[in-house]
Amino acid sequence: MNKLVVISAPSGAGKTSIVHYLLNAIPRLSFSVSACSRKKRENETNGKDYYFLTVDEFKNKICKGDFLEWEEVYENQFYGTLKSEIESIWKKGKIVIFDIDVEGGLNIKKLYPKNCLSIFIMPPSIDSLNERLNSRGSESADSLTIRLNNAEKEISRNNEFDNVILNDDLDIACQEAKKIITNFITN
Ligand code: 5GP
């Protein structure tokens, strides 16, 4: 059966670090590279972290029905999963892993209720998110406020996921995620 693993969390909760760890620890996992219309950060690579598109290119793909799901996560910042991405991963016999926001993650779970495992990464507190986003230095003051407001809404939906992992200690959170996913893959 073609399987999917959704990792969702508010921005700054450490889900990207956890996903990187999982990709190394579980070779059958393959990362679903999303498309997005935000600016590329310095440490990011087009085609590896995201497919960076202009707003017009993104909207064009929406019209063509290229997305499995998409969302305007922030104003004029579109994010979405391309159908072609998932299909090519499954063709290789691999399991898709998503680093995706809560709404998108729950939409994918709804599309694939039986073969999708959904995991929510819980930050220890809103203060800890604030600190992480500040230290990343990639957000403007406005963008930071929007991300923190969004985070509170996302945290309130944690009970809709199959599993919730507290990211108080990154190593422990990684181990826990590995255990849950390995179990899902083998069953
Ligand atoms: P960031 O700009 O910090 O990389 O991502 C902003 C938010 O968009 C994050 O919560 C991220 O997980 C989410 N995101 C990334 N890819 C997708 C996607 O394909 N679909 C949706 N709905 N959200 C995504």
Side-chain angles (χ1 to χ4, degrees), residues 5-25 29 31-46 48-55 58 69-81 97-110 116-181:
V5 176
V6 159
I7 307 283
S8 292
S11 189
K15 70 178 176 306
T16 303
S17 312
I18 295 176
V19 169
H20 282 159
Y21 166 83
L22 291 168
L23 284 165
N24 277 320
L29 294 178
F31 182 62
S32 164
V33 179
S34 297
C36 80
S37 69
R38 76 151 161 75
K39 284 211 178 76
K40 190 167 84 64
R41 295 179 189 137
E42 250 178 39
N43 59 339
E44 291 176 325
T45 311
N46 187 30
K48 186 166 164 265
D49 298 285
Y50 284 106
Y51 300 110
F52 292 96
L53 306 177
T54 63
V55 173
F58 200 104
E69 63 77 38
W70 64 270
E71 252 184 286
E72 189 173 7
V73 178
Y74 310 107
E75 200 187 347
N76 264 330
Q77 293 190 17
F78 293 85
Y79 294 80
T81 305
I97 184 164
F98 297 88
D99 171 344
I100 192 169
D101 82 323
V102 165
E103 188 70 31
L106 291 171
N107 281 339
I108 288 176
K109 176 75 190 180
K110 242 184 255 160
C116 176
L117 170 74
S118 62
I119 298 177
F120 183 85
I121 307 297
M122 180 71 88
S125 64
I126 291 281
D127 278 353
S128 69
L129 283 186
N130 195 353
E131 267 166 38
R132 256 190 228 159
L133 287 172
N134 262 316
S135 67
R136 193 154 84 183
S138 58
E139 306 321 317
S140 64
D142 277 358
S143 160
L144 198 76
T145 310
I146 295 168
R147 277 164 196 260
L148 289 176
N149 284 338
N150 215 22
E152 292 199 38
K153 279 187 219 139
E154 295 198 308
I155 288 170
S156 71
R157 301 191 67 186
N158 77 85
N159 58 341
E160 295 175 52
F161 285 77
D162 296 326
N163 293 87
V164 177
I165 296 176
L166 175 69
N167 185 15
D168 204 356
D169 177 309
L170 184 61
D171 285 343
I172 295 173
C174 287
Q175 291 308 321
E176 202 179 331
K178 183 182 170 192
K179 206 168 113 195
I180 293 168
I181 295 169

Take Leu23 and Ile97, measure what side chain to side chain contact (heavy atoms under 4.5 Å, CB included) needs, and give me the verdict at the end. CA-CA 8 Å; Leu23 284 165; Ile97 184 164; 3.7 Å; yes

Using side chain to side chain donor-acceptor pair (under 3.5 Å) as the criterion, list what pairs up with Glu152, not counting sequence neighbours.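 Not a single residue meets the side chain to side chain donor-acceptor pair (under 3.5 Å) criterion with Glu152.
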
Can you tell if the side chain of [X] reaches within under 4.5 Å of the side chain of [Y], non-hydrogen atoms only?
X: Ile165; Y: Met122; result: no
X: Ser34; Y: Tyr51; result: no
X: Phe78; Y: Arg38; result: no
X: Ile18; Y: Ile121; result: yes
X: Leu106; Y: Lys110; result: no
X: Ile181; Y: Ile119; result: yes
X: Glu69; Y: Glu71; result: yes

Apply side chain to side chain contact (heavy atoms under 4.5 Å, CB included) to Val6 and Cys116, showing your working. CA-CA 7 Å; Val6 159; Cys116 176; 3.8 Å; yes

Nearest atoms (heavy-atom pairs only) where [X] meets [Y]:
X: Leu22; Y: Cys174; result: CD2-O, 4.3 Å
X: Ala173; Y: Asn167; result: CB-OD1, 3.8 Å
X: Leu170; Y: Gly14; result: CD1-O, 4.5 Å
X: Pro123; Y: Ile155; result: CG-CD1, 3.8 Å
X: Glu154; Y: Phe120; result: O-CE1, 3.8 Å
X: Ala9; Y: Ala13; result: CB-CB, 3.7 Å

Any Lys/Arg nitrogen of Arg157 or Glu160 sitting under 4.0 Å from an Asp/Glu carboxylate oxygen of the other?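 Yes, this pair counts.
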
Answer yes or no: is there an ion pair linking Asp162 with Lys109, defined by an N-O contact shorter than 4.0 Å?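 Judged by the 4.0 Å cut-off on N to carboxylate O distance, Asp162 and Lys109 do form a salt bridge.
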
Could you tell me the separation between the [atom1] atom of [X] and the [atom2] atom of [Y], rounded to the nearest 0.5 Å?
X: Leu166; Y: Glu176; atom1: CG; atom2: CD; result: 8.5 Å
X: Leu148; Y: Asn130; atom1: CG; atom2: CG; result: 5.0 Å
X: Asn134; Y: Leu144; atom1: CG; atom2: CG; result: 5.0 Å
X: Asp168; Y: Ser128; atom1: CG; atom2: OG; result: 8.5 Å
X: Lys178; Y: Asn24; atom1: NZ; atom2: CG; result: 10.5 Å

Do the side-chain N and O atoms of Ser37 and Gln77 include a donor-acceptor pair separated by under 3.5 angstrom?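 Side-chain D/A pair, Ser37 to Gln77: absent.
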
Lys179, NZ: over 12 other non-hydrogen atoms inside 6.0 angstrom: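 Incorrect, the count does not exceed 12.
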
Partner of Phe98 under side-chain contact (heavy atoms from CB on, under 4.5 Å), chosen from Val19, Val5, Ile7, Ile108: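 Output: one option passes, namely Ile108.
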
Might you work through the side chain to side chain contact (heavy atoms under 4.5 Å, CB included) test for Glu103 and Asn107, ending with a clear yes or no? CA-CA 6 Å; Glu103 188 70 31; Asn107 281 339; 4.2 Å; yes

Is a side-chain donor or acceptor of Arg132 paired with a backbone partner of Gly12 at a separation under 3.5 angstrom?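 Checked: pair present.
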
With distance as the sole test, does Asn150 use its side chain to make a donor-acceptor pair with the main-chain N or O of Ile146 at under 3.5 Å?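 No; zero donor-acceptor contacts below 3.5 Å.
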
Indicate the ring-plane relationship of Trp70 and Phe58, choosing parallel, tilted or perpendicular according to the 30° and 60° boundaries.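 Because their plane-to-plane angle is over 60°, the rings of Trp70 and Phe58 count as perpendicular.
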
With sequence neighbours excluded, residues passing ring pair (Phe, Tyr, Trp, His ring centres under 6.0 Å) with Tyr50: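 Once residues adjacent in sequence are excluded, the partners of Tyr50 under the ring pair (Phe, Tyr, Trp, His ring centres under 6.0 Å) criterion are Phe52, Tyr79.
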
